[in-house]
Number of protein chains: 2
Amino acid sequence: MSWSKPGDRDGRRAYHHGNLREALIRAALDLIAQKGPAGFTFADAARWAGVSSAAPYRHFRDREALLADVARRGFELFEAALSRAWDDGRPDPYRAFESVGRAYLAFARGEPAYYSAMFEAGIPLDADAGLRDAAGRAFEVLRHASETLCTRVPPDKRPPALMMSLHIWALSHGVASLFARGDSGRRPLPMAPEELLEAGVLIYLRGLGLIAEPHKPEN
Amino acid sequence: MSWSKPGDRDGRRAYHHGNLREALIRAALDLIAQKGPAGFTFADAARWAGVSSAAPYRHFRDREALLADVARRGFELFEAALSRAWDDGRPDPYRAFESVGRAYLAFARGEPAYYSAMFEAGIPLDADAGLRDAAGRAFEVLRHASETLCTRVPPDKRPPALMMSLHIWALSHGVASLFARGDSGRRPLPMAPEELLEAGVLIYLRGLGLIAEPHKPEN
DNA sequence: CAGCTCATGTTAACGGCTTTTACATGAGCG
DNA sequence: CGCTCATGTAAAAGCCGTTAACATGAGCTG
């Protein structure tokens, strides 16, 4: 990593940090990962970056603006992860769709700080246009995948793709929020969250008529 | 309402409030409803109740303990609402099950303050035994309903009831969290959250083989 | 290079919140 | 009546967010 360059010259930090914006975001991620989005503190982030507690205001309107920026970046990474998992529907739309579901959970678990900022920090989506757009693009991946899957069904029995994507989103989000987050408060489960979600999606797709038999994508 | 009795005698509040614990919980509900669980303040609650900012500590260990108590009461009301909706499986298990789903959303919308304290305040469930138990009892309603529904299927094709209840819970929670909460940040939907959830549950049940035809519970 | 300008830091201060400590009140009881 | 203890108050320490006034120095312009 090379996201900071404070005083590389002679060991003494310069008066100007040089990369404070990035450093603050890194700090926010670390702190959110440790103590949750509510426990994150502007002053702490400043300390972590080695600047005074007023310095962050040169880069963010206020504490919430920093959180919103973290959330925006989170949605961008989220979209990338979902896109990678979908992989244009390869090897086949069913498997690719399952892969998207797993990517959703993997993100919630692998990037808890981003996930918290995105869904648990209470940032209103319309606080920032960039944030809303990023969130929209991430959802669009899910929607596109649903649409592709839907076209595999004769048009007269074809379910509405938007509704389908909302269902999958809600199920994924519910599983992630309830069962795949922080170690505290988690309920003992008969199966891993990934399996739970995968089974749920399979059952749902079967209910839509997209899959004929249990355990066998018909592709 | 008659949940407070401060200075009923001569109009001047007595030195001892007489009902501070309840008053603080009422205040918390009002404030959470207004500004979210993060915006809720111990000091505000004290002001609202007309006592000094240190008085609440005679009734709650700290701010989080008050939130936890609100959450516990929320889960108790939640359980009652779900039980009422289930109504012992009347008029038939399918309709009763749908009713439970609607009750889930109705609670999220009708009691946003409780719902926030329960699911969005970041209170660890194991912070309090009473809280964990109350949450468990609420979930038990869902689990029992699932079990009843499952027994309508021949044992050899019967799905695991626990898994089913977890799926329904996750779907309900996902829909509620993403689409049926505060006016800000809500995404434009092609249908009401209630319809979205009901459709999702129907599709899911059909996928399980619990419902034969679209739009017709076979009862 | 001299000097100006402006982005980016710092210090100091205000008000609010949480929590603790020492003290005050008065309700209930023998 | 007088004791005791639950329940209140006042005051203070420490933290946070935010703002205002001031300081620094990087980079352009002449």
Determine: side-chain N/O of Arg58(A) to OP1/OP2 of dT18(D), distance under 4.0 Å, yes or no. no
Can you see if the side chain of His59(B) gets near the phosphate of dG8(D) - specifically, an N or O under 4.0 Å from OP1 or OP2? yes
Shortest side-chain distance from [X], nucleotide among [options]:
X: Tyr57(A); options: dT11(C), dG17(D), dT9(D); value: dG17(D)
X: Leu20(A); options: dT11(C), dG9(C), dG8(D); value: dG9(C)
X: Asp44(A); options: dT10(C), dC23(C), dC16(D); value: dC16(D)
X: Phe42(A); options: dC16(D), dC22(D), dG17(D); value: dG17(D)
X: Thr41(B); options: dC16(D), dC17(C), dT9(D); value: dC17(C)
X: Ala55(A); options: dA22(C), dG9(C), dT18(C); value: dG9(C)

On DNA chain D, nearest-nucleotide positions of Ser53(A) versus Ala54(B): which is more 5'? Ala54(B)
Atom [atom1] of [X] and atom [atom2] of [N]: how far apart are they, to the nearest Å?
X: Leu66(B); N: dT18(C); atom1: CG; atom2: P; value: 11 Å
X: Arg63(B); N: dT19(C); atom1: CZ; atom2: C1'; value: 13 Å
X: Arg61(A); N: dG17(D); atom1: CZ; atom2: C1'; value: 13 Å

Pair [X] + [Y], salt bridge at N-O below 4.0 Å:
X: Arg137(A); Y: Asp133(A); result: no
X: Glu76(B); Y: Arg73(B); result: no
X: Glu22(A); Y: Arg26(A); result: no

Name the residue from Glu194(A), Glu195(A), Glu198(A) that meets the side chain to side chain donor-acceptor pair (under 3.5 Å) definition with Arg102(A). Glu198(A)
